Amino acid sequence: MVRVRFAPSPTGHLHIGSARTALFNWLYAMKMRGVFILRIEDTDLRRNVDEAFGAILDAMKWLGLDWQEGPYYQSQRLELYRKEVERLLETGKAYRCYCLPEELEERRKEALQKGLKPMYDRKCRELSSEEREKLEREGRKPAIRFKVPLEGKTIFKDVIRGEIEFYNSEIEDFVIMRKDGIPTYNLACVVDDHYMEITDVIRGEDHISNTPKQILLYEALGYAPPRFAHLPMILGPDKSRLSKRHGATSVNAYRDMGFLPEAMLNFLALLGWSPGGNREIISREEMIAEFELERVKRHPAIFNMDKLIWLNSHYMKTSPPTYLARLAVPFLEKEGLVGPDFSLSVLEAVIPLVQERAKTLGEIPRWVDFFFKDEIEYEPSAVEQWLKDELHRKLLLSAKEVLENIEPFNKENIETALRALAEREGVKAKEVFHPLRVAVTGKTVSPPLLESLEILGKAKTLKRIDQALGVTSP
RNA sequence: GCCCUCAUCAUCUAGCCCGGUUAGGAUACAGGCCUUUCAAGCCUGCGGCGGGGGUUCAAAUCCCCCUGAGGGCACCA
């Protein structure tokens, strides 16, 4: 049985890169009919954890990455780590280090100056009991360091990259437990992965250099190591690590901009993986069916906002209007276009007119605002272009007279009548449509006019025309 | 500085493992068609195997070197 985990630290948000890691873990678990576990790595005492992971949980749920176990919190498992560290101490595979942070820093700088590797100098590795007692008497509290083998190499086979090896001499005696008794990442991670029976560790490429340390820990603790798979990084357009300077990096920020979860998921899946062939659009079910860890790319991927937008507009076009209407409500509320008591059915009627125009939910309000306002504002340039001159004012007035007599007030009847009007007046149809569009929407760009008029209704349409003629009268 | 990883259009990528393709698709960009605006859709164009050596009848594909990019080197995760 495959068991994988996603183990974020409780920052205030789910980073795009973390989300991709979560997705690939989830996909692999689903594909293998295994278990996807959520674990919160909150062993950093300095970080105040309060509700910081709430946003992470929200983002996971929004993307539909449901977990079968957890969330587990490392902060609640401290006894377990202490017990394991004690074992390492007893078997001589770890030791107490009394060096002060300032001392370490100074020695690190010295080493760097001499052109040596900035590694811990193993000063406390072979302390005699007298030396230890002396340091204890000074009131020093020890941190626990892992005794890394001085020779040999640590080799592992990465599922995505093949064999990777490190010389043990390149690895320092890293701290596994701080002087306050809180374990560090590498130790807690290994202990948890063992006790949670994780079979496959799928994580970012930035963890490759942690892997030999962890494997050494697995060996020292007598655990069988899992398989490892390191995912490529996600970079910004300038090829540097994706960060705030490239724009939004959290999943929730994209949700709030009006991206659909389907698009986000599709986009994330394509960042470092591809189903092969020429497919770009892929559903959650297809991803699960076709996902293969071995097909994951080895090179970093650049976050391509244009592609995300394109994918989103695709899902906007193909999603059911009722679904989009429901998701669009908060965006309309934010613009003050709808109150708590508005009718969803009008919105549902309007969505089909804009779903292939708005690239995100966030763009919907500016396409549909005139349906929800009593008084619309007129763009000065639009008025200037279509409502100022005599010809268009006259055509608009005639249009109003024609529209007044249409019954029922639907697209077909409106179109027939307006085209007939244009013909009678000897002008092109658009000479009638354009002023009418500006009169009703206040803009030169809008959803299809005829459908819009039908939904708006005769009364409001006529009122708008009067308003428009008033706006432009001397 | 040391260690590790990676390398196909501007970007995401198919192809690489099992050498023989006019190196394919998508986004973006440009042009055209359609059209009541804007979109969408359709068509066309632009554009790439980082460089150098091998191996081979034949290399994007196999090997080596260089270069470039990314990651790591915490009592962070």
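In this text the structure is predicted, and so the values were computed from the model without any measurement. Chain A is the first sequence line, chain B the second, and so forth, proteins listed ahead of strands; every chain is numbered from 1.
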With rounding to whole Å, what would you report as the distance between B/A23 and B/C46 at their P atoms? 14 Å

Considering every strand shown, what is the Watson-Crick or G-U wobble mate of B/U11 when both distances are under 3.5 Å? B/A26

How many whole angstroms separate atom CZ of A/F303 from atom P of B/U13? 13 Å

Hey, what are the protein-to-nucleotides 65-69 of chain B N/O distances that come in under 3.5 Å?
none

For the side chain of A/A301, counting heavy atoms from C-beta on, which of B/C12, B/A77, B/G71 is nearest? B/C12

How about A/F291 and A/W273: are their ring centres within less than 6.0 Å of each other? yes

Within the structure, does a side-chain N or O atom of A/R203 lie under 4.0 Å from either OP1 or OP2 of B/G72? no

When the C1' atoms of B/C3 and B/G25 are considered, how many whole Å apart are they? 38 Å

Looking at A/F267 versus A/F303, is the centre-to-centre ring distance below 6.0 Å? yes

What's the gap between B/C6 and B/C16 when it is taken at their C1' atoms, as a whole Å value? 15 Å

Does A/R366 reach a base, just sugar-phosphate, or nothing at all? Heavy atoms under 4.0 Å. nothing

For A/F24, is the NZ or CZ atom of A/R20 found under 6.0 angstrom from the centre of its six-membered ring and inside 45 degrees of the ring axis? yes

I want to know whether A/F53 and A/H13 have ring centres closer than 6.0 Å. no

Nucleotide paired to B/G68 in any strand shown, Watson-Crick or G-U, under 3.5 Å: B/C6

Measuring from the side chain of A/K179 (C-beta onward, heavy atoms only), which nucleotide among B/C75, B/C6, B/A77 has the closest atom? B/C75

Could you measure between the two C1' atoms, the one in B/A69 and the one in B/U11, and give it in whole Å? 16 Å

Separation of A/D206 atom CG from B/C6 atom P, in whole Å? 15 Å

How does protein reach along nucleotides 24-43 of chain B, written 5' to 3' as B (base within reach of a heavy atom under 4.0 Å), S (only sugar-phosphate), or - (no contact)? BBBSS-------BBBBSS--

From CZ of A/R241 across to C1' of B/A77 the rounded distance in Å is 10 Å

Given atom CD of A/E165 and atom P of B/C2, what is their separation to the nearest angstrom? 18 Å

In whole Å, I'd like the distance from the CD atom of A/E172 to the C1' atom of B/C75. 11 Å

Would you verify whether the NZ or CZ of A/R145 falls within 45 degrees of the ring axis of A/Y120 while also being under 6.0 Å from that six-membered ring's centre? yes

Any base atoms under 4.0 Å from A/C189, or only sugar-phosphate, or nothing? Heavy atoms, all strands. nothing

With sugar-phosphate meaning primed atoms plus P, OP1 and OP2, does A/H230 contact a base, only sugar-phosphate, or nothing at under 4.0 Å between heavy atoms? nothing

Worked check of ring pair (Phe, Tyr, Trp, His ring centres under 6.0 Å) between A/Y81 and A/Y195: CA-CA 11 Å; A/Y81 310 129; A/Y195 283 101; 9.2 Å; no

In terms of side-chain heavy atoms of A/S9, which of B/C3, B/A7, B/A77 is nearest? B/A77

Any ring pair (Phe, Tyr, Trp, His ring centres under 6.0 Å) pairs touching residues 412-431 of chain A, not counting sequence neighbours? none

Strictly by Watson-Crick or wobble contacts shorter than 3.5 Å, is anything paired with B/G20, and which nucleotide is it? B/C57

Would you say A/S209 places a side-chain N or O within less than 4.0 Å of OP1 or OP2 belonging to B/U5? no

Given that A/G276 and A/I164 both sit by RNA chain B, which one's nearest nucleotide is further toward the 5' end? A/I164

Quickly work out the A/N210 CG to B/C3 P distance and round it to whole Å. 18 Å

Which part of the nucleic acid, if any, lies within contact of A/G204, taking any heavy atom under 4.0 Å across all strands shown: a base, the sugar-phosphate backbone alone, or nothing? nothing

Quick one: which of B/U11, B/C75, B/G15 gets closest to the side chain of A/I302? B/U11

Tell me which of A/R161 and A/P237 sits closer to the 5' end of RNA chain B, going by the nucleotide each one is nearest to. A/R161

For B/G20 and B/A7, measure between their C1' atoms and round to the nearest Å. 24 Å

Could you state the CG-C1' distance from A/N186 to B/G72, rounded to the nearest angstrom? 12 Å

Taking the side chain of A/L104 as its heavy atoms from C-beta onward, which of B/G15, B/A77, B/C75 lies nearest to it? B/C75

Just N and O in the side chain of A/S274: are any of them under 4.0 Å from OP1 or OP2 of B/A14? yes

Would you measure the distance from the P atom in B/U44 across to the matching atom in B/U27 and give it in whole Å? 13 Å

Going by atom types alone, do A/R203 and A/T211 pair a side-chain donor with an acceptor below 3.5 Å? yes

Which value, in whole Å, describes the distance between the P atoms of nucleotides B/U56 and B/U61? 16 Å

Roughly how far apart, to the nearest Å, are B/G53 and B/C2 at atom P? 28 Å

From CZ of A/F174 over to C1' of B/C73, roughly how many Å is that when rounded to an integer? 13 Å

